[in-house]
Amino acid sequence: MNAPPLARLAVVISGRGRNLKALHAAIVDGLIPAAIVGVLSNRADAEGLTYAREAGLPTFVVPHVDYADRTAFDAALAETLHGLQPDIVVLAGFMRILTDGFVRAFEGRMLNIHPSLLPRHKGLNTHASALRDGDAEHGATVHFVTPQLDGGPSVIQGKFTIGAHDDVAQLAERVMTEVERKIYPQAVAWMARGELRFEQGRAAFRGRPLIEPLSLDDL
Ligand code: GAR
């Protein structure tokens with residue numbers, strides 16, 4: 001029997017690309033049955049592009065500064081994405097708010113990772129917010145992207161206890177190393193294998209709606 005075709009993955013970044021790197025490593029290790037068909041960035045100087053080029057991945061820069069408004073930029077990004085025919089669109093440190101039209105075009109096949117335990121701390125400055133609010137725990141969430149900012153159905157979370165001496169920089173580092181680089185490859189692997197789906201506005205895992213997000217501790 002032939003192996004099922006690899007899922008076509010488009011990864012959209014704005015910055016360092018550590019999640020991109022973790023995803024690529026998981027593909028190379030055979031943990032995600034997928035191929036990265038494109039790495040897209042809204043910033044020409046994104047560090048993640050250097051990694052992608054060195055890894056031989058196709059890269060595409062769609063600079064948001066070249067477009068008059070959000071709608072025009074999103075249309076250009078969507079056109080580039082459509083050209084790649086992705087099965088899964090992975091937002092990996094992509095720091096732009098997306099228009100409803102863009103989200104609808106990829107709804108159900110677009111995931112995001114957010115550096116907080118959603119629904120806590122949507123938007124920016126999540127680590128500072130967790131410290132300000134005296135949270136006992138912090139972490140990250142993978143969720144399907146819907147028009148509500150950081151509000152789509154959650155898939156998996158990972159968390160840790162905030163230490164007495166943790167500052168913003170330490171929290172950011174812990175979120176990345178202890179949580180994000182583990183939960184994102186796992187979530188994308190489930191999507192690529194068809195175990196994770198978006199059905200009637202909800203996340204469904206192995207045929208059942210997810211009432212609450214899966215946990216890194218359960219893996
Ligand atoms: C990650 O911590 C990700 O959760 C966050 O940016 C970082 C990107 O790191 N994303 C957001 O804040 C999205 N609103 P990376 O570029 O090294 O993967």
Side-chain angles (χ1 to χ4, degrees), residues 9-28 32 36 38-55 57 59-64 70 73-74 77 88-99 102-103 106 110-132 135 137-160 162 166-188 213 216:
L9 223 69
V11 184
V12 190
I13 65 168
S14 296
R16 290 172 64 179
R18 290 162 296 172
N19 278 296
L20 163 68
K21 202 169 165 183
L23 289 163
H24 185 233
I27 289 171
V28 170
I32 306 177
I36 295 178
V39 175
L40 293 77
S41 174
N42 64 306
R43 299 180 59 106
D45 62 352
E47 215 179 301
L49 285 174
T50 307
Y51 170 79
R53 290 186 187 114
E54 284 171 2
L57 301 172
T59 58
F60 303 84
V61 179
V62 184
H64 64 275
R70 210 176 274 289
F73 167 71
D74 279 11
L77 187 66
I88 309 171
V89 177
V90 184
L91 305 184
F94 180 60
M95 302 305 286
R96 300 273 309 167
I97 291 174
L98 294 164
T99 55
F102 180 93
V103 172
F106 298 100
M110 183 156 59
L111 292 172
N112 182 42
I113 191 157
H114 184 76
S116 80
L117 295 171
L118 289 172
R120 293 188 66 69
H121 312 307
K122 295 179 179 180
L124 298 174
N125 305 318
T126 58
H127 314 304
S129 302
L131 289 174
R132 180 200 61 212
D135 290 5
E137 296 179 318
H138 191 43
T141 307
V142 176
H143 65 94
F144 280 103
V145 180
T146 63
Q148 294 76 39
L149 179 68
D150 302 327
S154 292
V155 172
I156 181 169
Q157 292 186 321
K159 61 187 176 190
F160 55 82
I162 297 180
D166 279 341
D167 58 15
V168 167
Q170 275 157 336
L171 284 188
E173 184 61 24
R174 291 188 69 189
V175 163
M176 178 58 63
T177 56
E178 295 178 32
V179 181
E180 293 197 2
R181 68 179 189 195
K182 299 176 186 168
I183 63 173
Y184 219 3
Q186 177 63 81
V188 174
L216 176 60

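Atom set for the values below is all heavy atoms of this structure, side chains included, hydrogens, waters and symmetry mates excluded. When a ligand or atom number is given, it counts from 1 through the structure's own listing order. Throughout, residue positions are numbered sequentially from 1 according to the sequence presented.
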Would you say the side chain of [Y] lies within less than 4.5 Å of the side chain of [X], judging by non-hydrogen atoms?
X: Gln148; Y: Lys122; answer: no
X: Phe102; Y: Met110; answer: yes
X: Phe144; Y: Leu111; answer: yes
X: Asp135; Y: His121; answer: yes
X: Asn19; Y: Met176; answer: yes

Using distance alone, determine whether [X] and ligand 1 share an N or O pair under 3.5 Å.
X: Glu180; result: yes
X: Asp150; result: no
X: Leu20; result: no

[atom]: the protein heavy-atom neighbour that sits closest, reported with distance to 0.1 Å:
atom: atom 9 (O) of ligand 1; value: Arg18 NH2, 3.4 Å
atom: atom 12 (O) of ligand 1; value: Pro115 CD, 3.4 Å
atom: atom 16 (O) of ligand 1; value: Gly17 N, 2.9 Å
atom: atom 11 (C) of ligand 1; value: Met95 SD, 3.5 Å

Is Ile113 near ligand 1, meaning one of its heavy atoms is under 4.0 Å from it? yes

Would you say Gly48 touches ligand 1, if touching means a heavy atom closer than 4.0 Å? no

I would like to know whether His127 and His138 meet side-chain hydrogen bond (donor to acceptor under 3.5 Å, both in side chains); could you show each step before the answer? CA-CA 8 Å; His127 314 304; His138 191 43; 2.9 Å; yes

Those atoms of ligand 1 less than 4.0 Å from some heavy atom in Gly93: 6 (O), 8 (C), 10 (N)

Can you list the ligand 1 atoms lying under 4.0 Å from a non-hydrogen atom of Asn19? 1 (C), 18 (O)

With a cut-off of 6.0 Å (strictly less than), are more than 12 heavy atoms of other residues, nucleotides or ligands near CZ of Arg43? no

Can you measure from CG (Asp74) to CG (Asn42) and round to the nearest 0.5 angstrom? 10.5 Å

